[in-house]
Structures are given as structure tokens and as C-alpha cells.
Amino acid sequence: MIVKELRELIERALEDAAEAGEIPAPEGVDFVLERPRHKAHGDWASNVAMVLASRAGRNPREIATALVRRLEESGCSVGDGREYPLLSAVEVAGPGFINFTLDRDRVLRELTRVASEGASYGRWDLGGGLRVLVEFVSANPVGPLHVGHGRWAALGDALCNLLEAVGYDVDREFYLNDHGTQMEVFAASVEARYLELAGKEVEFPAEGYHGSYVRDIARALLEEDGGRLVDAPPGERRAELGERAYRLMLRRIRESLDSFGVRFDNWFSERELHRSGAVLEEVRKLQEEGLAYEKDGAIWMATSRFGDDKDRVLLRRNGAPTYFAADIAYHLNKLARGYRHLINIGGADHHGYVRRMQAALEAKGHPGVLEVILGQLVNLKRGGEPVRMSKRTGEMVTFDELVEEVGKDVARYIFLTRSQDTALDFDIQLAVQESMENPVYYVQYAHARICSILRYGLGKGVEMGEEIPDLATLRRLGEEEEMDLALKIFEFEELIRDAALDRAPHRLTRYLEELAAAFHLFYNRHRVISDDAELTAARLFLVRCTLQVLRNGLSILGVSAPESM
RNA sequence: GCGCCUGUAGCUCAACGGAUAGAGCAACGGACUUCUAAUCCGUGGGUUGGAGGUUCGAGUCCUCCCAGGCGUGCCA
């Protein structure tokens, strides 16, 4: 990998120059290697001399000059097991930057690596197979998923893909909050609609769910059982209807996520956690361990000893465990299942919850295992006007409706273009209306266009095998747009690593747009398939590498890569 | 009150502490007898909310202020 080689080269130059007394000791110097914004600044650039100079109070250009002398010797010649020189030029610039220009043959060789690694290009082994559990979406199964859930679904899935790409062993989990008041209210609401549809006079629960979906469910249940529960004992009736409604709702949620292309490895039921006795058992243990105590008739956990603002209730005065108590048991269960790192993804409205959960895990001897990624909420708009959403009145655009209206790829992509730290304005009308100019199509179009070139070549009888052209053929590449495209391709590997480690999938969308732009520009300036067989072979190869990286990137985002549009 | 997030072009958003702050959309002007014009090229557009500070260098870090969002439950 070019960046890695460059880094090693710089580190060697640092050691050698320090040994010769030309620069200060470089121990622990943290420098940056990046693609410069301006072409005049070379293919890659580093601030190493400036960082070092600032630490030692020396002149950065002086240090840069000393380093450049050594870098020229080692980088511009063959060595270190290299068959080809890495660099064609290295120079000091500006306040003390070192700018690198890659040797063209080395660029071409690197391109062959992209092709030979194929779908694995961009993968790393940073995780060492560490088992990670990512919990996301996790909703009350008392209504259809709303638009906000879509953001977590897209984000969680893409993040999982990224983590897998850098070598973690990832499982996706959905925590079903199928226990507690909300479930009871839901059951009561369904029951009321059920009776209503059967012609009974009933009063709708004051705090019940008014959404029309509740009536739909009630109708389905009524048709299913022919109304045999109308005259059943009320307790029995509500319990059965609630249970069947829950199963129906759960199926709908699964289908929504399925059609969005998000598959969970596991669905974990909060209710089962209570039924198994794990929650109360854990509260008991906490008391034994001196981590929980009784006060005012309730049982409290001493989270404030571990960084929380105050202690939190585990068992209410009425003896019922809190959501927090269940969550402690749940997270310990995750760890017991062998996961070494836990990631939870959710909305910023859970913010107040993070510290106490981390405190609880620390109390249990697991500091730092829980990472919580909180995203800002989604504001749905239509033609600039905010769309009111309220679960109570039932006026809302569901996740399904959104996906149906704008399409899976557009929805996923829009969710992923913005950093999760910013509140997302999702304008449905814009997403549909601008669909022709939508960034997702821009990227997909690049992919489809390349496929079209390959098809055209096939029709012309151009040899389309998987084999990699020899260097003599590849040397026909050298136009500015060709080299720009190649260098843009090479950014992919580091980008994947950074996006995964920084939990920032939105960087990948940005990158793919840049890659597509580099390709479109190349396409508009040069013909791929021509009478010149050698040049055609070389360009086809470049274009195939581009195709590969577009595919690898889109697949991490969970966006399809169409062969024609 | 306290805590977290945000404030960048008309709009939606990018930018590991690095060089002249970038894309898309919107506006305007150009490019298809040639592999997909869902593309490309060009033009205009900015006191990065405000004020200080840290340093070789700040949209980025620190302090204060302003504005918006979300928290701050014996709800989940």
C-alpha cells in the first residue's frame, strides 16, 4: 500500500537524520500524510517537518530539507524489496511541507493490486476478529417504525459493514422493548378498536394509541378469529389480543427492515429477560455486592460512585424493576454471550441515559466496553414545510412510506451523507424531485456507465478477461485524468480505515462522489474503447479498477450498484 | 440552572490543528454524427454566529456571549 510505504519511508528518514544529528529526536512524533488539496502540492504531502520543528523550536524548512535529501535517496531509487522506485520527486514547500510525487510505474503497479484484491480491496485486519455487538434501531413494537428509525437502521448497518471491513467480528442486534406500560397501552388500544369494529360501544383509552394502524391491526385480528373474543373475559381478551397484535407488529417491523436491506443477527426480547428472572436476579446480586441499597422503599444503584450525576432506581417502590434494571441485565447478558465490545446506536434523546449505563457496567468490572453513538433527530419535510409527527395522534409518515416514496437507495444514501451529529432535514419532495441530480444517482451512474463500456467492449469483441495487463501496456496510461482517477482510487483504503475508526460512514459517501467525479471527468475527455488495442486494454483496466472500488464502497453503504440505469 | 449536539455560499452539507475553506442543489453561459448528456466545462457567489485566547498555523482546540435542538423521571 502506497501510504504505508510512504509512512515507512518517512520514519526511516527520521531515524537516519536524527542519528546523523541533522534533526531532533523524532520519538513519538505524530505527523499527517494526506492528499493535498492543490495539485501543485504533489500527490501526497506531509507536515512531519513542521510538527517536529514546533516541538524542538527549530526552523521547519531546515528540517524538511534534511529529510528530503534522505527521502530522495531512498524513495526515488529501488530498494527495500521494491522492484520499482516509489517516488519521482520529493520537495520542500510552503512553510515546511514535504510534497511527494509518485513514480508513474509505481502508480500503475498499485493499480494491479486493486484488481488482484478485488472485493477485498480496502479491507484491513485492525480488529483482529474481536467480537463486537452493535445494537441499533431497538424500538417499542407498538407501532410501525418511523422515519427516525430509518436513520439508525442505515447508520447502524453501514457502521457494521465498516467494522467488518476492518476486521471485527460483528453481530447486529435489535432490542425489543416488549415489556412495560407501552405494551399494555398498546394492547388496550387494539382491544378497544377490536370491540368497536365488532359493533360494541367502547371508550377509547385516554392515553391510547390513536394511529390508524391500530385499527388496521384490530381489523386483521377480528377477521382472523371471527370475533370470538368479543365476549371473552376482559383480562383474557386483552392479553390475547395484545399478544397477537405484538406478533403482527413485530412481523411488520422485520419486513420494513428487510426491504431496507438491513438484517439483524438477533432479536433480543426484554420481556424474556424479565420472565427468566435475570433482571431481579441481577438486582439481588448488585445488593449483595454492595452496589445497590434500599432507600424510601425503593432499591437504588450507586451509579454516582462511578461517574453518574446521581444514583438511579432499580426497583420501584411498588416492586417493579425499572427499564434501567432490565438494561443492566441485558448488557451483562451481551458480555456473557462473549462480546468484547458493545456499541449502541440511538437518538440524542437517550443522552441522559448513557452515563448511568456506563457507570453500571464499570461497577460490574467492565469499564469502557460500552460505546454509545447518539445521532441527532430527523426533521421530515415536504416541499420545505415540516411534516408534523406524533405517535399519539397517529399523524406520521412511517418508515415504510418513506422508503416506498423515495426508494431504498435514495433513503439510505441521504441518511448516510450527513454526519450523525447534525440534525437531518429530510425533504421528501426534494429527494424525489431532484432524483435525477441526486448524489446517489451520480455515483450509481458512474458504475452503470462503466458496465456499459464493458458491454460495448464485449460487443466489439474486445478481450475482457480478468487478467492484468503487463506494465508495457499499462504505461499507455499517463493522461492527467487517468492519473487523477488512479490516485483517487488509492485513497479508498485509508478512507475505509478512518471512517470505521471514527464511526463516520458519511465520509464514504463523500469519497464515492469524488471517485465518481474523477471517473466522469476522465470519461468525458477520453475514449476507453478505440482502434488502439493496447491503449484500450490499459484504459479498460483502469475503468475496471474504478468499478471495483465503487462496488466495494456502495456495498458497505448498503446501496445497490446497478449495471444499467 | 446544569449537561450534550449544532451554527460554514441563497438551500442541504463536507473539510485527522495545515498551504488559496470545498461539493451538490439553485442561477447564468457553453459541450453529444464518438463507449449512457442521470455526464462534462466555465461564471458568479463566504467577516466559517460574535468576542477574546493558545501557536509557526484555528472552521477545527480553550474561555465567555448569542441562537437553535435534545436531555436533565421510581417513563422507555
Name the nucleic acid region contacted by [X], choosing base, sugar-phosphate or nothing; use a 4.0 angstrom heavy-atom cut-off, strictly under.
X	result
F324(A)	nothing
A45(A)	base
H520(A)	sugar-phosphate
L521(A)	sugar-phosphate
E270(A)	sugar-phosphate
T422(A)	sugar-phosphate
K381(A)	nothing
R355(A)	nothing
A298(A)	base
H447(A)	nothing
S530(A)	nothing
N379(A)	nothing

Side-chain N,O ([X]) to OP1/OP2 ([N]) below 4.0 Å:
X	N	value
Y353(A)	C75(B)	no
H506(A)	A15(B)	yes
R510(A)	G24(B)	no
R316(A)	A76(B)	yes
Y445(A)	A38(B)	yes
Y442(A)	C40(B)	yes
K295(A)	C74(B)	no

Between the base of A19(B) and the side chain of N99(A), is one N or O donor paired with an acceptor at under 3.5 angstrom?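 It does, because a donor-acceptor pair links the side chain of N99(A) to the base of A19(B) below 3.5 Å.
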Check whether the side chain of N47(A) and the base of G18(B) form a donor-acceptor pair under 3.5 Å.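 Present.
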Once you measure the plane-to-plane angle for H41(A) and H38(A), does it fall in the parallel (<30°), tilted (30-60°) or perpendicular (>60°) bin? perpendicular
Once the angle between the rings of Y511(A) and F492(A) is folded into 0 to 90°, is it parallel (under 30°), tilted (30 to 60°) or perpendicular (over 60°)? tilted
Expressed as a whole number of angstroms, how long is the span from [X]:[atom1] to [N]:[atom2]?
X	N	atom1	atom2	answer
Q182(A)	C75(B)	CD	C1'	7 Å
R312(A)	U72(B)	CZ	P	9 Å
L315(A)	C74(B)	CG	P	13 Å
D425(A)	A14(B)	CG	P	12 Å

Check ion pair R539(A)-E482(A) (N to O, under 4.0 angstrom):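 Salt bridge flag = yes for E482(A) with R539(A).
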Is the closest basic N to carboxylate O distance between K488(A) and D484(A) below 4.0 Å?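 No.
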For the side-chain contact (heavy atoms from CB on, under 4.5 Å) test, which of I328(A), T303(A), L342(A) pairs with M357(A)?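 Looking at I328(A), T303(A), L342(A), the match for M357(A) under the side-chain contact (heavy atoms from CB on, under 4.5 Å) is I328(A).
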List the atom of L159(A), the atom of P505(A), and the distance in Å for their closest heavy-atom pair.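 Heavy atoms only, the tightest pair is CD1-CD, 3.9 Å.
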M50(A) to P95(A) - nearest heavy-atom pair and separation: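 In this case the closest contact between M50(A) and P95(A) is SD-CG, 3.8 Å.
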Map A448(A) and A93(A) onto RNA chain B by nearest heavy atom, then report which one ends up closer to the 5' terminus. A93(A)
Spacing of the C1' atoms in G53(B) and G17(B) (rounded, Å): 16 Å
Determine the interatomic distance between P on C4(B) and the same-named atom on G18(B); round to the nearest Å.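 Per the computed distance, 24 Å lies between those P atoms.
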